[in-house]
**Student:** 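If you scroll down you'll find the structure; I have some questions about it.
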Amino acid sequence: MTDRKYLLTREQIAACVAKDLEDGWLVNLGIGMPTLIPSYIPSDYDIMFHSENGVVGMGPPPLPGEEELDLISAGKGLVTLIPGGAYVNHIDSFAIARGGRLDCAVLGAFQVAANGDLCNWRLPQQKSGSVGGAMDIAAGAKRVYVMMTHTTREGDSKIISERTYPLTAGGVVSKVYTDMAIISVEANELILEAVAPGITPEDVQSATGAHLNIENSQEIKLNL
Amino acid sequence: MTDRKYLLTREQIAACVAKDLEDGWLVNLGIGMPTLIPSYIPSDYDIMFHSENGVVGMGPPPLPGEEELDLISAGKGLVTLIPGGAYVNHIDSFAIARGGRLDCAVLGAFQVAANGDLCNWRLPQQKSGSVGGAMDIAAGAKRVYVMMTHTTREGDSKIISERTYPLTAGGVVSKVYTDMAIISVEANELILEAVAPGITPEDVQSATGAHLNIENSQEIKLNL
Amino acid sequence: MKNKRAQSLEDAVKIVKDGATVLIGGFGPPGVPEILIDGICDNKIKNLTIVTNNAGTDRSGVARLMDEGCVSKLICTFPWAKESFVFKELYDAGKLQLEIVPQGTLAERMRTAGAGLGGFLTPTAVGTDLAEGKQIHKVNGTDYILELPLRGDVALIKALKADKRGNLIYNKSARNFNPIMAMAADQTIVEVSEEVEIDELDPEVIITPSVFVDSYFVTGHYEVGKGSKQT
Amino acid sequence: MKNKRAQSLEDAVKIVKDGATVLIGGFGPPGVPEILIDGICDNKIKNLTIVTNNAGTDRSGVARLMDEGCVSKLICTFPWAKESFVFKELYDAGKLQLEIVPQGTLAERMRTAGAGLGGFLTPTAVGTDLAEGKQIHKVNGTDYILELPLRGDVALIKALKADKRGNLIYNKSARNFNPIMAMAADQTIVEVSEEVEIDELDPEVIITPSVFVDSYFVTGHYEVGKGSKQT
């Protein structure tokens, strides 16, 4: 197993994703790790965040004294609305999600398969799961980026040739950001785009349960 | 053919329909003759009118000087909004119509068949018709009342055993108001409820292209 | 004009009977009609099928309803959350049936019922466990699941204000499922903090027109669900 | 922030190309984006498929578009009206294809496209000529028609105001199809009388959120369609 000191922190992974979000995009962030991303968006960028519970233009958590208990994120933390944001009902919120208006959704995952299959709603040993809006968002977003640790706590790879966990949406993931690497999901192969400093492409391959094309991988440049 | 002097006027038919609309109902009025109905609703009744173009709580035409060109009825005449009325988009307007929220729709018709089939959107000799919202409203309203002349200008009955015109909605009409009579459409037969003063039940039967149960018919009481 | 204002909480919820399917608004604490729910608990109603996004927060709202044994089945999207421990206890003890529905599909199934439609085709959940037993239709080469309408006997929703005709406006993200559920039940009961005169709500800003509201109960104050967090 | 304000009428409508499917808002004169339509006429665009409720009023708006030979097909609900004489001339001369769609179905087909769904089942038009060639599905013993999404390359809509992000509000019954069409096209262009600052529209009253708007053209005055009647 790779030495943990070389693994990216959650904040560093978030910064990597943030760098790839484009000015003007409408983005949905899954609960958990993806909620760290907004801090790393360049301040001159206009990226709008969509929250499934009907918030178009979700802003950061409120300042002390300005909390509105009726304004929450999908993860149920208190948030704010940016100027020019709007409230919509659940039907319109999911018309946005399913209808291809999300330029990108950044979601957590249990597994990503080489064909882009996303598994993030239920572990196989669980009787049931919590799907929330994940299946709608994953099916409808123009791009699905995944943000996760490269392996499970037990050291098993979360990136594998064929999924073994229950499916969320088939063939939707286009990019995976982990604590070891950034990997693109192409039609026929997984491309290793970049690796964390101190980790080699071969390290990533050996921690991955699917073949990677490592020919052109770069080193991730960290500013933090 | 029946002597025209005994036929009800359009206003008298409208008054007959108005008498059967219940306090508290939400009602959709078709274009043409049904638009005469609101004048005959008792002033202490609270009947809301729905217009397919997104007006919930349509009021009478505006007073001179108070016209709003952006506030029209389905027939495209200028109207007003009653206090407590609301504007909705076309999706919500037809959710109201199709979703069973209309207590009654009063529509014009070319033909009504003994089984309640409604024909009102296209004449057989026309290459095409103007359906508007008629099919949605007829399919969705809790009750469909028809208001029309009893016969065509050529003297053919508009109430017949089986329709010969293109269908708008099957088996939906529950009551028919004409210039000769009021007829209920029951599961197995047409019941002659009432006849215009000066006209006999037999007159109505002979002007009708379907069997009527005339046993208990009353005379229509006119106040105008 | 029909007076839709319920004279008491008991009066407001008395149409909720044993065995009913009840749609309950809210996403997390915002928009959950907790006071109406308390009224149902007090009536000791049994055997309800509840349709709502979450599985309750702490011991209030939907969690209380389950805790008091009123619920036999829950249709929701996100049951497994730390704050839904009441649900977990009951489910693990085999005392509660569970149906998981993707969130967009849940909203759309209710709207479909409200709009008088017979079903819809969605790409959501194709190929997943949640598609099991459902018809697949191909349109232009793409697979879709046929989803059917989901209608409530009663909808319990929460709004910010009602005018005396029953038109509603909501507050921020407490809007969520509430306007959809208002359309999708035989009877819609609203919990509002304030009743205003019939002319006080601008007809351009009304979110739920009065035709979808059967009665409303005025609480006199607006309170977000007791489970709300400040973080 | 992206500047969505078109600098000229020409600029606003330049993405409408020959052969495009164009959704045009309005029901009768209210809500018809007549100035945007004039821009398309000026560009001498050909072969458009137009989706709109009516078949034009007098010689302005959609009637002018047909009159100038820009339209090869009309998808609408109510073509035969006295004021739609331009349509009648062209249709009788065999110069225009016509597809009649029931009004609720037309709205729902566009919403279905905008919501990323694959179709819906409706009771409307079952057993009629307008069901010809369409699949029938039985749900719980009732027949429904399977209707498919209707998407535009472009939507031309009219609103009262836009804020600088592109959020929209409408005026009275001029709302009609406009918010639905805004969702249902690859590009949505808005004709507005007024642009306001980004904070001037209350987020609770925005009818079309900015994410559905690609560009807007500010006319500086609000005018109802030239065909409006005072009766």
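Residue numbers begin at 1 in each chain, while the letters A, B, ... track the order of the sequences.
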**Student:** For B:P83, is there any backbone N or O sitting under 3.5 Å from a side-chain donor or acceptor partner on C:D199?
**Tutor:**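 No, C:D199 side chain to B:P83 backbone: no donor-acceptor pair under 3.5 Å.
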
**Student:** Does B:Q126, at its CD atom, have more than 12 non-hydrogen atoms belonging to other residues, nucleotides or ligands within less than 6.0 Å?
**Tutor:**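 Yes.
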
**Student:** Just so I understand: if I count every heavy-atom pair under 4.5 Å between each of C:A115, C:A184, C:G116 and chain B, which residue has the most?
**Tutor:**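 Between C:A115, C:A184, C:G116, the count favours C:A115.
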
**Student:** Heavy-atom distance under 4.5 Å to chain C: side chain of B:I82, backbone, both or neither?
**Tutor:**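 The answer is the side chain of B:I82.
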
**Student:** Identify the heavy atoms of B:G84 and C:S210 that sit nearest to each other, and give their distance.
**Tutor:**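 Minimum heavy-atom separation between B:G84 and C:S210: O-OG, 4.4 Å.
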
**Student:** So which heavy atom on C:P209 is nearest to which on B:A86, and how close?
**Tutor:**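 Reported closest heavy-atom pair: CB-CB, 4.3 Å.
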
**Student:** Within the supplied structure, the quantity of interest is the number of heavy atoms (other residues, nucleotides, ligands) at a distance under 6.0 Å from B:E162 CD; does it exceed 12?
**Tutor:**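 Incorrect, the count does not exceed 12.
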
**Student:** Looking at C:M183, is its backbone amide N or carbonyl O close enough to the side chain of B:R101 to form a donor-acceptor pair, meaning the two atoms are under 3.5 Å apart?
**Tutor:**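 Present.
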
**Student:** Step through the shown structure and confirm whether more than 12 heavy atoms of other residues, nucleotides or ligands are within 6.0 Å of NZ on B:K127.
**Tutor:**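 Atom NZ in B:K127 is packed in, count exceeds 12.
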
**Student:** I'd like to check the side-chain hydrogen bond (donor to acceptor under 3.5 Å, both in side chains) partners of C:K134; sequence neighbours left out, ordered by chain and number.
**Tutor:**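 If we apply the side-chain hydrogen bond (donor to acceptor under 3.5 Å, both in side chains) test to C:K134, skipping adjacent residues, the hits are C:E147.
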
**Student:** Looking at chain B, which one of C:L201, C:L117, C:D163 has the largest number of heavy-atom pairs inside 4.5 Å, strictly under?
**Tutor:**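 Most heavy-atom pairs within the cutoff with chain B belong to C:L117.
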
**Student:** As an exercise, state the distance from OH of B:Y87 to CG of C:D202, rounded to the nearest 0.5 Å.
**Tutor:**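 So the OH of B:Y87 and the CG of C:D202 are separated by 8.5 Å.
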
**Student:** Roughly how far, to the nearest 0.5 Å, is the OG1 atom of C:T208 from the CG atom of B:D92?
**Tutor:**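 One finds 8.5 Å between CG of B:D92 and OG1 of C:T208.
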
**Student:** If you count the non-hydrogen atoms of other residues, nucleotides and ligands that lie under 6.0 Å from CG in B:D44, is the total more than 12?
**Tutor:**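 Enclosed.
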
**Student:** I'd like to verify something: which residue of B:I96, B:D23, B:I91, B:I47 has the highest number of heavy-atom pairs under 4.5 Å with chain C?
**Tutor:**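 The answer is B:I96.
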
